[in-house]
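Below: one structure, written as structure tokens.
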Amino acid sequence: MKTLPTQERALLKRQALLDAAVEEFSNTGFEVATAKSIAALAKVATGTFYQYFENKNDILRVLAANRFANLHAHIKTLELKVVENEPDSTKESIQRIEDKFFNTLLFVYQFHAHDPELHQVLEQRRSIDSKLKIIMDDGEKVLQDRVLGFVKSFNLTNSEQVADNLFAMAEGLVHKLVFHTDFDNKVDVEAEQKNQLSLKVAAQMLASFFLDKTQSAQQS
């Protein structure tokens, strides 16, 4: 990846190219898109594209890195505990955990729903482009480590296995909802409400699991 420019004008041109690349990859497909078509959509010369990116593989890697940076900035390690010997602590804790789960799931869902086609392009190219694979593997590892940190705060004996399953369940649910919804239909309010209800139920189930584990540990 080329060095990030410092001048505002250059940064704006670079961002215009990134935005255009998302549109090109999503609408025409990665194979069809070219540096020339991306530059034309960004309303800059083709030579300008090569000032900031080596080729279309390079710009896709930058898009992937930016996506994970956004996810990392919004998804933090949860640190929630049930306080022993406080009558309302259990109820309050499960609600806080449920809210955290729902807000996190909702953010990831909306994040993917914003440009599902680009997500599919990234997954397809992942097995072809080894550099892209490293970016995506490393990005997911950060998220997985944060999930593991949350699980470990409950002192579970099988924290790693629980964290792996939690990550896979969340990812699977989000993918199912995103890729089975027609986001071209902007007025499909009912489908959106159903999706958010599914996220809410998932958050309730996950919160109940962790509360149950906490209560069992306290009683043993």
Side-chain angles (χ1 to χ4, degrees), residues 1-6 10-39 41-42 44 46 48-78 104-105 107-152 159-179:
M1 297 181 186
K2 294 191 175 183
T3 304
L4 190 68
T6 57
L11 287 170
L12 289 174
K13 287 184 179 180
R14 183 178 184 272
Q15 186 58 52
L17 286 163
L18 287 168
D19 294 340
V22 171
E23 189 172 341
E24 275 291 278
F25 294 154
S26 299
N27 294 338
T28 66
F30 182 84
E31 297 300 332
V32 176
T34 63
K36 183 177 181 179
S37 67
I38 294 170
L41 189 59
V44 299
T46 304
T48 302
F49 176 97
Y50 290 107
Q51 290 179 13
Y52 306 114
F53 306 102
E54 297 288 348
N55 46 47
K56 66 179 182 179
N57 288 304
D58 184 35
I59 199 170
L60 183 64
R61 294 171 197 145
V62 173
L63 288 172
N66 288 350
R67 282 170 65 85
F68 277 108
N70 192 357
L71 285 170
H72 297 162
H74 285 82
I75 300 177
K76 306 293 184 182
T77 301
L78 302 177
T104 300
L105 287 170
F107 173 79
V108 176
Y109 163 75
Q110 292 175 336
F111 181 87
H112 283 74
H114 179 66
D115 47 22
E117 296 86 359
L118 177 62
H119 181 80
Q120 291 179 317
V121 169
L122 288 167
E123 289 297 337
Q124 291 166 357
R125 295 294 304 173
R126 183 181 200 159
S127 61
I128 301 172
D129 185 343
S130 60
K131 292 181 179 179
L132 177 63
K133 184 178 186 305
I134 291 172
I135 292 171
M136 296 183 69
D137 287 351
D138 289 348
E140 287 180 355
K141 180 65 164 53
V142 172
L143 297 175
Q144 290 168 337
D145 286 345
R146 292 180 181 179
V147 172
L148 180 59
F150 165 73
V151 174
K152 282 185 174 180
S159 294
E160 292 189 1
Q161 289 76 18
V162 172
D164 286 344
N165 279 280
L166 176 57
F167 187 88
M169 290 167 61
E171 184 178 46
L173 174 60
V174 168
H175 283 186
K176 177 180 180 297
L177 295 178
V178 168
F179 297 119

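The structure displayed is predicted, hence computed values, not measured ones. No hydrogens, no waters, no symmetry mates; every other heavy atom, side chains included, goes into these values.
- Between Phe49 and Lys36 the shortest side-chain heavy-atom distance does not fall below 4.5 Å.
- Residues passing the side-chain hydrogen bond (donor to acceptor under 3.5 Å, both in side chains) test with His114: none are found, sequence neighbours excluded.
- Atom CD of residue Gln144 and atom CG of residue Leu166 lie 11.0 Å apart, to the nearest 0.5 angstrom.
- Nearest heavy atom pair, residue His72 against residue Arg146, reads O-NH1, 2.6 Å.
- Panel note: side chain Lys131, backbone Asp58; no donor-acceptor pair is recorded below 3.5 Å.
- Contact check for Phe30 versus Arg125: side-chain heavy atoms found under the 4.5 Å cut-off.
- Between Asn66 and Val62, the closest side-chain pair of non-hydrogen atoms falls below 4.5 Å.
- Residue Ile38 holds its CD1 atom at 13.0 Å from OG1 of Thr48, rounded to the nearest 0.5 Å.
- Within the 4.5 Å cutoff, no side-chain heavy atoms of Val147 are placed close to those of Leu143.
- Using a 4.5 Å heavy-atom cutoff, the side chains of Met136 and Leu132 are in contact.
- Taking a cutoff of 4.0 Å between a charged side-chain nitrogen and a carboxylate oxygen, Asp137 and Arg126 qualify as a salt bridge.
- One distance of note links CD of Gln161 with CG of Asp164; it measures 7.0 Å at 0.5 Å rounding.
- A salt bridge is defined here as a Lys NZ or Arg NE, NH1 or NH2 lying under 4.0 Å from an Asp or Glu carboxylate O, and Glu54 with Arg61 fails to meet this definition.
- Contact check on Lys141 versus Asp145 returns a salt bridge, with a Lys/Arg side-chain nitrogen under 4.0 Å from an Asp/Glu carboxylate oxygen.
- At least one side-chain heavy atom of Asn70 sits under 4.5 Å from a side-chain heavy atom of Phe107.
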Determine all donor-acceptor pairs shorter than 3.5 Å in which one atom belongs to a side chain in residues 17-26; sequence neighbours excluded.
residue: Asp19; atom: OD1; partner: Gln15; partner atom: NE2; Å: 2.9
residue: Glu24; atom: OE1; partner: Ser37; partner atom: OG; Å: 2.7
residue: Ser26; atom: OG; partner: Val22; partner atom: O; Å: 2.7

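- Side chains of Leu177 and His112 form no contact here, defined as non-hydrogen atoms less than 4.5 Å apart.
- Annotation: side chain of Leu118 is in contact with side chain of Arg67 (closest heavy-atom distance under 4.5 Å).
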